[in-house]
There are 2 protein chains.
Amino acid sequence: MNETIHGMPPTLHDVAREAGVSLATASRSLNGSTRKVNETYRARVLEAAERLGYVANLSAQSIAKGTSSTLALIVSDIADPYFSSIASGVVRDAEQLGLVSTIGITQRDAKRELDIVRTLRGQRPRVVIVAGSRFVDAELDEQLTRELEAIRNLGGRVVMVSQRSLPFDTVQIDNHGGARDLALALVERGYRSFAALTGVSSLMTARDRLAGFRAGLAEHGLELAEERVFESDFTRDGGYDAGGRMLERGIDDIDCVFAVNDVMAVGAMSRLREEGVDVPGRLAIAGFDDIATARDVTPALTTVRLPLEQVGAAAIELATAETDGHAIVTISGEVVVRESTPQRG
Amino acid sequence: MNETIHGMPPTLHDVAREAGVSLATASRSLNGSTRKVNETYRARVLEAAERLGYVANLSAQSIAKGTSSTLALIVSDIADPYFSSIASGVVRDAEQLGLVSTIGITQRDAKRELDIVRTLRGQRPRVVIVAGSRFVDAELDEQLTRELEAIRNLGGRVVMVSQRSLPFDTVQIDNHGGARDLALALVERGYRSFAALTGVSSLMTARDRLAGFRAGLAEHGLELAEERVFESDFTRDGGYDAGGRMLERGIDDIDCVFAVNDVMAVGAMSRLREEGVDVPGRLAIAGFDDIATARDVTPALTTVRLPLEQVGAAAIELATAETDGHAIVTISGEVVVRESTPQRG
DNA sequence: CTATGCTGGGCAAGCGTTTTCCGGCGACAG
DNA sequence: CTGTCGCCGGAAAACGCTTGCCCAGCATAG
């Protein structure tokens, strides 16, 4: 495994020369080409490659084959446990398939997302997985669709996560159904008057969850008035903030808060604790996602469990399957009741 | 922006033809080459590129230039907040520099790490940032060093995070000092008899933090007996597990637990809560890293704050700086005292 | 008016692979 | 013994881009 003395990495050329065969034979020996090569030669090549520490140049391969081995994953924020869990699943499975994972971070900015996808074209990725929560904006959606279609025309597979409305294969998360189930479970446990902490209303995921929650309440003749919905960022700090605004308004007529995701719930819990509100004694709280932390806060958080790593896996599976480009895989959550929503007297 | 009708993406060739100039002129117009090109031509080329929806093929550029625009980040586990925070910083800054970030996950397996680095060679990355906590294993270390040196010989910059002993630029985290400071702070608050929850002893980071903690105690004539050190995985579940083992042993003679990282601390807190141990009433606890969750658990966790995103930024800075390849930037933590370690009567 | 530079376009040679195509060779059938 | 065919090695043409080099055109100086 001694490298060539001078700076340059060994090329296939070097290997071929070292093994005393042609470039073609060397190439055919080193990757499972369709053509067979004599075992003697093959061994000589492998041995030479090993000795020189040869590793094929991926870029050269891409350009020669006309197809890269890159998977591009786009997320809103990799530090958010929701996305890092998905990423974890995606990267693991991608590796298994011999794909190199690249990652783009939109910082929850639709404009940035568009930029990222655009520059992605340059990579000629074989798979693009768009996991950033999408916004409701026809204009940007259309541009994004165009870019993604361009990538698809270049031979790349596009998979959306949790975004039903674009014409690509998608791993859909049943936000509506999960939130509905959660609402039912909460009502069953005796809660009657709710408030909600949510992300900006242009955020698809937030909308769907809120709508689902309302649907669940409606089944029991309950409703969630607009004035009890507090909008903020879709993050921990957003939850902290929205929780504060809820307190300012007053919580006399509220017995349970639904945060549209766990990080917001966790932020809100911190705020409530700081302000001396007893959770769950005075106010119960529930979230959505079941991030790892949900078990570890006090009280442990009632939520809707989403098999996040599995979402990543499903995305990859879709990407490698034969589809018409409009396949939809739905992943459903499951209500997990914990101490943050005890049975109510 | 209408693509060519047939499947193939437009190439520079197409743009040149469309603009009625040579390949060379087209190339020079589209990237800031050293050579100037007449404004008339330049405009024509840009316009043609726009019209065709041309985006340069990154692979082709890499191979033509002999240098890629890839940054490779290697972490143990992207779902761990420690690493995802670092990744967040790295990816953001990389993007700013026009680098595409690829990511590899070692799953805390040194063997896998080696594999990953090996296949990385194929990417000819311009920068490699190795953030996975390294192990103490001379054999593997040497192989890893060889691989990384090979990459460096190919013109890539290698930066280690939190790993002092390898001959590369490194962003060092002052684990020893931070843990020492923490110990001092805890003693000052009245704690006298400690236990520790730690990762496997072959894990550098765990060792250093434990050693630092002991050093701090020693300054007050205190010590941490081996039998009060509980080893487990460097994860939340590891903390949960180690906490349980500690309880089995008995905690009559312990008033404060030091977990070598926050996720372990959080896991342990959950275990303690489950077992009915009052935290911090009966037992105080402190961690290390100051992950986001540390503020949100109850009681809020005393810890050592590490500016994790900044660590990522520092790594990139090192990678782009002129160094001898042995530069060391040290990042220090700062003790943050919270409710998990109240002043002791 | 010629010598000298400088500017900037274009030709073509790479970069490290894969893959097509050609041709030599051995096997086997007639 | 000849004709066919399949097998497989090697030469060379791609793949999409950058860049060294040449050279035409023009401005400036002597």
Side-chain angles (χ1 to χ4, degrees), chain A residues 4 6-45 48-49 52-70 121-126 154-155, chain B residues 4 6-45 48-49 52-70 121-126 154-155:
Chain A
T4 45
H6 54 295
M8 294 286 79
T11 73
L12 188 58
H13 210 91
D14 299 327
V15 175
R17 180 157 24 78
E18 182 82 6
V21 301
S22 76
L23 224 52
T25 304
S27 172
R28 292 199 267 251
S29 303
L30 288 171
N31 59 39
S33 136
T34 35
R35 293 238 337 224
K36 282 176 64 176
V37 14
N38 185 303
E39 193 46 49
T40 321
Y41 285 130
R42 177 190 201 72
R44 278 228 304 269
V45 171
L52 296 179
Y54 170 78
V55 176
N57 183 321
L58 232 50
S59 295
Q61 285 193 157
S62 296
I63 174 181
K65 295 216 248 243
T67 157
S68 84
S69 55
T70 308
R121 288 251 298 280
Q123 294 182 40
R124 305 287 190 274
R126 190 137 93 206
L154 271 54
Chain B
T4 45
H6 53 297
M8 292 288 80
T11 73
L12 186 58
H13 208 93
D14 299 327
V15 175
R17 180 158 24 76
E18 181 85 6
V21 301
S22 75
L23 224 53
T25 303
S27 172
R28 293 198 266 252
S29 302
L30 288 170
N31 59 38
S33 131
T34 36
R35 295 246 326 230
K36 283 175 66 175
V37 12
N38 185 302
E39 195 46 50
T40 320
Y41 285 130
R42 176 190 202 72
R44 278 230 302 271
V45 171
L52 296 179
Y54 170 78
V55 176
N57 183 321
L58 232 49
S59 295
Q61 285 193 156
S62 295
I63 175 180
K65 294 216 249 238
T67 156
S68 84
S69 55
T70 307
R121 288 250 299 279
Q123 295 183 38
R124 306 286 189 272
R126 190 137 93 206
L154 270 56

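First the proteins, then the strands, lettered A, B, ... as listed; each starts at 1.
No donor-acceptor pair closer than 3.5 Å links the side chain of B:Arg126 to the backbone N or O of B:Ser69. With A:Arg42 contributing its side chain and A:Val37 its backbone, the two residues share no donor-acceptor pair below 3.5 Å.
Nearest heavy atoms, B:Val55 versus A:Gly122: CG1-N, 3.5 Å. Residues A:Leu58 and B:Gln123 approach most closely at CD2-CG, 3.8 Å, considering heavy atoms. Looking at every heavy atom in both residues, A:Ala26 comes nearest to A:Val21 through N-CG2, 4.1 Å.
In this model, the phosphate group of C:dT17 is approached by a side-chain N or O of A:Tyr54 to a distance below 4.0 Å at OP1 or OP2. Taking 4.0 angstrom as the limit, B:Asn38 places none of its side-chain polar atoms (N or O) nearer than this to OP1 or OP2 of C:dT7.
Of the candidate nucleotides C:dC21, C:dG9, C:dT17, C:dC21 has the atom lying nearest to any side-chain atom of A:Arg35. In this structure, of C:dG10, C:dG8, D:dT19, it is D:dT19 that holds the atom nearest to the side chain of B:Ser27. Considering only the side chain of A:Ser22, D:dA11 comes nearest among D:dC17, D:dA11, C:dG9. Comparing C:dG9, C:dT17, D:dG10 against the side chain of A:Ala24 picks out D:dG10 as the nearest.
For the pair A:Leu23 CG and D:dA13 P, the interatomic distance rounds to 14 Å; values are reported in whole Å. Spacing between atom NE2 of A:His13 and atom P of C:dC15 amounts to 10 Å, rounded to whole angstrom units. Summarising the geometry, the separation between NZ on A:Lys36 and P on C:dT19 is reported as 19 Å, rounded to the nearest angstrom. The separation between A:Leu154 atom CG and D:dC15 atom C1' is 14 Å, rounded to whole Å. One interatomic measurement links the two molecules: CG of B:Asp14 to C1' of D:dG16, which rounds to 10 Å at whole-angstrom precision. Spacing between atom CG of B:Leu30 and atom C1' of D:dG16 amounts to 13 Å, rounded to whole angstrom units. B:Leu52 has its CG atom 14 Å from the P atom of D:dG16, to the nearest Å. Rounded to whole angstrom, the span from the CZ atom of A:Arg28 across to the P atom of D:dC7 amounts to 14 Å.
If you check distances only, the side chain of B:Arg124 never reaches the base of C:dG16 with a donor-acceptor pair under 3.5 Å.
Only B:Ala56, B:Asn57, B:Ala60, B:Gln61, B:Ile63, B:Ala64, B:Lys65, listed by number, bring a heavy atom of residues 56-69 of chain B to less than 4.0 angstrom from any atom of DNA chain D.
No side-chain heavy atom of B:Arg124 sits less than 4.5 Å from a side-chain heavy atom of B:Thr67. Looking at heavy atoms from C-beta onward, B:Thr11 lies out of side-chain contact with B:Asn57 at the 4.5 angstrom threshold.
When the nearest nucleotides of DNA chain C are assigned to B:Val37 and A:Ala26 by heavy-atom distance, the more 5′-ward of the two goes with B:Val37.
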